[in-house]
Amino acid sequence: MTASGAGRLRWLDALRGLAVLAVVFEHACDYLAPELKHATRHVAHAGIFGVTLFFLVSGYIVPASIERRGDVRRFWIGRLFRLYPAFLAVFAVAALLSVWRPGMVPRALREHTGTTVLSHLTMLQDMLGGVNVQQQFWTLTYEMLFYLLVTAAFVVRVHRFSAEIAMVLAAVAVVVGGVLPSGRFAGDPLALRNLTVVAAAVLVVGVVAVCRRHVAGAVLLAALVFGLLAVNQPGGPWEGFVILAVMFTGTALYRAEQGQIAVGRAVLAVGTVLGAAVFAVHRYGGIWDMVGMTEPLARSSWLSAVVLALIVFGLGMASQRRRVPRWLSWLGTVSYSVYLTHVLVLRLLGDHLVQARAAGIPARLGWAAGCLGVTLVVSGLCHRLIELPFQALGRRFTDGPKLHELSDMPRPDREFSGPPRSGSAGRSSP
């Protein structure tokens, strides 16, 4: 990668940094300033803004990563070493801390340990009807669904039709979003166990097959994604389709920027997806993490956040040759670790943060700064001691001539696989 190419990627780091700050703000306000959190929702939902921005970044960069490698197998090895080490480390730390502080993890981990662990190993836990051991893990499910669809599309050679895929997903959200069941297997431990086992088996077989470029593997993965979306989404049955449509919109914008498709196709995709989101949220409702808000405020807050994320992403694309503050670039680089660890820090310090809330604004600001500082230190260590070594190990398995070199694509250690999500019923905002 050329130096100029690396420089052009800093705008993505900046967007990740902004996104993770919004997510941390959303969660920290639960402890320190719930009234501020509610006030900002009259403008836009900070958590949804951060999550949507993360999804757009992933949509922009992940498919290009596959094409840069020219090999689905290399992509999946890279994802394995990029995502799982830090994710499993945080999972394990949360489980260990729960011995001391039972509230650190949901009861499901103790009562249905096998199912909960297996569902998290697939990273599909949010779609399998289980409980996220850490509330922000929900977004990783949609990242995984996106990877499955992207690699399936690559194998059947329709990956260049990202704009059309986004529009089809948006159309499905509008057409069937009000009739599909939601959480079909929720509340039944036996059904959840069986679903988790079957999904894990299909996931492994399908990924192995697409790594060998077998079309049957692509069909299997697509069936898994749409099957789960059709019957077991935890929120409104339209929501997952819109999330994936947003991610493919990011891909369409990348392709338009690179001259692979006409700009009009990408613009049409953005308009279609946004229109579908407006229709679905007003017609079907079922928005997550809107407890304590009136229905009109919930809708406007959600939609404003999505629109704001699209605007910020567009501004980032337009300003990618501008200098990015070093601190913001660094924050974007460690954003995955920040995303994974910040809830752990908040829960460990939660009692002190709540006490500070009652002590006045100076105490709140002091604890907010201290909590952020601890989070950044922990995240920096996680990035340096876990993420980077395992990314380097992954590259040992993927080194070799690449069929498609794109000079502006990030190295595997610069990629982000996205973040968390808000929600009721066991979720909280990203």
Side-chain angles (χ1 to χ4, degrees), residues 16-17 19-20 23-24 27 54 58 76-106 108-110 113-126 128 130-144 147 196 200 203 330-350 371-398 411-421 427-428 430:
R16 294 174 184 131
V20 83
V23 169
V24 172
H27 287 142
F54 269 128
S58 289
W76 275 107
I77 291 174
R79 291 290 88 190
L80 178 68
F81 283 93
R82 171 68 179 90
L83 294 181
Y84 275 93
F87 171 70
L88 295 178
V90 172
F91 183 101
V93 169
L96 290 173
L97 288 175
S98 69
V99 177
W100 168 49
R101 297 271 295 272
M104 294 295 293
V105 298
L109 182 59
R110 298 188 297 273
T113 304
T115 300
T116 303
V117 171
L118 180 58
S119 68
H120 280 75
L121 288 176
T122 67
M123 280 197 182
L124 296 174
Q125 70 284 345
D126 202 61
L128 293 175
V131 178
N132 290 290
V133 166
Q134 291 285 282
Q135 61 207 55
Q136 77 276 27
F137 285 178
W138 71 268
T139 56
L140 299 178
T141 287
Y142 295 89
E143 293 280 342
M144 180 60 73
Y147 300 157
T196 300
L203 176 67
W330 177 85
L331 184 60
T333 301
V334 301
S335 58
Y336 183 53
S337 286
V338 175
Y339 186 83
L340 291 177
T341 62
H342 76 279
V343 170
L344 273 179
V345 174
L346 286 171
R347 286 183 174 174
L348 286 171
L349 299 177
C371 188
L372 180 60
V374 171
T375 299
L376 294 179
V377 170
V378 171
S379 302
L381 291 174
C382 180
H383 179 73
R384 179 176 293 275
L385 301 179
I386 299 177
E387 286 194 73
L388 292 181
F390 276 96
Q391 288 168 13
L393 180 61
R395 285 194 293 274
R396 292 177 59 184
F397 291 93
T398 58
R411 300 182 304 273
D413 61 321
R414 294 295 303 278
E415 295 169 11
F416 176 78
S417 130
R421 155 176 176 164
R427 300 181 185 179
S428 77

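Keep in mind that this is a model prediction, so the values were computed, not measured.
Side-chain atoms of Phe390 and Leu393, non-hydrogen and from C-beta on, do get closer than 4.5 Å to each other. At least one side-chain heavy atom of Leu109 sits under 4.5 Å from a side-chain heavy atom of Val117. Within the 4.5 Å cutoff, side-chain heavy atoms of Tyr336 are placed close to those of Leu140.
Here the closest heavy-atom approach between residue Gln136 and residue Val343 is recorded as OE1-CG2, 3.3 Å. Between Trp330 and Gly380, the shortest heavy-atom contact is CZ2-CA, 4.3 Å. Between Ser119 and Leu128, the shortest heavy-atom distance links the atoms CB-CD1, 3.9 Å. Taking each heavy atom of Leu346 and Cys371 in turn, the nearest pair found is CD2-SG, 3.5 Å. Closest heavy-atom contact between Ser335 and Gly332: OG-O, 2.8 Å.
Two rings, from Phe397 and Phe81, have their centers less than 6.0 Å apart.
Distance alone, capped at 3.5 Å, is enough to place a donor-acceptor pair between the Gln134 side chain and the Met104 backbone. Between the Thr141 side chain and the Asp126 main chain, a donor and an acceptor come within less than 3.5 Å of each other. At distances below 3.5 Å, not a single donor-acceptor pair connects side-chain atoms of Thr116 with backbone N or O atoms of Thr113. Under the 3.5 Å distance criterion, the side-chain polar atoms of Tyr84 are matched with a main-chain donor or acceptor of Leu121. Without hydrogens or angle criteria, Gln125 side chain to Val131 main chain gives no donor-acceptor distance under 3.5 Å. A donor-acceptor contact shorter than 3.5 Å is absent between the side chain of Arg347 and the backbone of Arg101. Side chain of His120 to main chain of Val133: a donor-acceptor pair is present (N/O by atom type, distance under 3.5 Å, no hydrogens or angles).
Rounding to the nearest 0.5 Å gives a distance of 8.0 Å between CG of Leu80 and CD1 of Ile77. With rounding to the nearest 0.5 angstrom, the CG atom of Leu203 is 6.0 Å from the CG atom of Leu124. Here Met123 contributes atom CE and Thr139 contributes atom OG1; the two are 9.5 Å apart, rounded to the nearest 0.5 Å. We find the CD-CG distance between Gln391 and Leu83 to be 9.5 Å, quoted to the nearest 0.5 Å. The OG atom of Ser337 sits 13.5 Å away from the CZ atom of Phe87 when rounded to the nearest 0.5 Å.
Looking only at atom types and distance, the side chain of Ser379 has a donor-acceptor partner in the side chain of Thr341 under 3.5 Å away.
The local environment of CZ in Arg110 is crowded, with over 12 non-hydrogen atoms from other residues, nucleotides or ligands closer than 6.0 Å.
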Next item on the list: Determine, stepwise, if the pair His383 / Thr333 fulfils side chain to side chain contact (heavy atoms under 4.5 Å, CB included).
Entry: CA-CA 9 Å; His383 179 73; Thr333 301; 3.7 Å; yes
